Amino acid sequence: MSKRSVGWILVIIGLFMLFKMVRVSSFGFYRIGRVNTSAIILVLLIISAIAVVVNKNKFTIGCLIMSLVLLVVALMLGTNLYFAYASLVDILLVFVPIVAGAGLIIKSALERSAKKKA
């Protein structure tokens with residue numbers, strides 16, 4: 001197994017444990033003051049979908065993709081996340097694999113680029 005593969009495995013394990021520590025307290029659309037952005041984004045999504053059906057070109061498809069991206073971003077911004085209580089050992093068990101895996105990935109990438117130059 002190569003260094004890069006081991007690095008990716010360590011990063012994935014560390015991120016999995018990190019995501020298990022995160023708790024979601026509320027989920028919904030992002031609000032700007034008293035204005036809820038869900039109606040604005042859903043209207044944009046519907047209009048861009050209609051535009052793709054009527055006149056399919058790169059611009060209308062781009063607008064549809066941007067509307068979907070805005071929808072996902074609004075949902076992500078409206079989500080409240082917090083970390084559950086954890087001891088220092090738990091934190092180290094999460095971050096050591098991530099840092100070690102990232103180091104192995106970077107090291108293998110640098111070695112690969114050094115071999116190409118030589």
Side-chain angles (χ1 to χ4, degrees):
M1 195 178 279
S2 68
K3 290 180 187 177
R4 180 172 289 201
S5 301
V6 172
W8 279 112
I9 290 169
L10 285 172
V11 168
I12 289 169
I13 289 170
L15 288 176
F16 176 75
M17 291 189 308
L18 178 68
F19 293 155
K20 283 184 68 169
M21 292 173 59
V22 175
R23 302 290 183 238
V24 177
S25 63
S26 68
F27 182 74
F29 282 96
Y30 183 65
R31 296 180 67 88
I32 301 174
R34 293 181 180 221
V35 178
N36 194 349
T37 60
S38 63
I40 298 168
I41 293 173
L42 291 176
V43 167
L44 284 174
L45 184 63
I46 291 169
I47 290 173
S48 60
I50 291 171
V52 167
V53 170
V54 171
N55 185 13
K56 187 175 182 178
N57 58 29
K58 289 182 182 179
F59 179 73
T60 56
I61 292 173
C63 289
L64 179 65
I65 291 170
M66 284 303 297
S67 299
L68 289 171
V69 168
L70 281 173
L71 179 70
V72 170
V73 168
L75 284 172
M76 288 172 56
L77 288 174
T79 304
N80 292 327
L81 304 173
Y82 66 94
F83 284 96
Y85 175 77
S87 66
L88 181 61
V89 174
D90 295 334
I91 299 295
L92 289 176
L93 286 174
V94 169
F95 286 113
V96 167
I98 293 173
V99 171
L104 284 173
I105 293 169
I106 292 169
K107 184 176 181 180
S108 68
L110 291 175
E111 287 175 354
R112 188 175 284 186
S113 67
K115 286 181 184 177
K116 286 183 181 180
K117 289 182 181 180

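Nothing here was measured: the structure is a model prediction, and the numbers come from that model.
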| Any pair counted as salt bridge (charged side-chain N to carboxylate O under 4.0 Å, His left out), so long as it reaches residues 2-14, sequence neighbours left out |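 Output for this query lists K3-E111.
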Give every donor-acceptor pair under 3.5 Å between a side-chain atom in residues 39-55 and any protein atom, sequence neighbours left out.
residue, atom, partner, partner atom, Å
S48, OG, L44, O, 3.0
S48, OG, L45, O, 3.0
S48, OG, S67, OG, 3.3

Common cluster, [X]/[Y], ILVMFWY with side-chain heavy-atom separation under 4.5 Å:
X: I12; Y: M1; answer: no
X: V72; Y: M66; answer: no
X: F19; Y: L10; answer: yes
X: L104; Y: L110; answer: no

| field | Side chains of L81 and R23 in contact at under 4.5 Å (non-hydrogen atoms) | value |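 L81 vs R23: side chains apart.
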| said: Please report the interatomic distance CD1(I65) to NZ(K58), rounded to the nearest 0.5 Å. | reply: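 Going from the CD1 atom of I65 to the NZ atom of K58 covers 12.0 Å.
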Which donor-acceptor pairs under 3.5 Å do the side chains of residues 82-98 make with protein atoms, sequence neighbours left out?
residue, atom, partner, partner atom, Å
S87, OG, D90, N, 3.4
S87, OG, D90, OD2, 3.3
D90, OD2, S87, N, 3.4

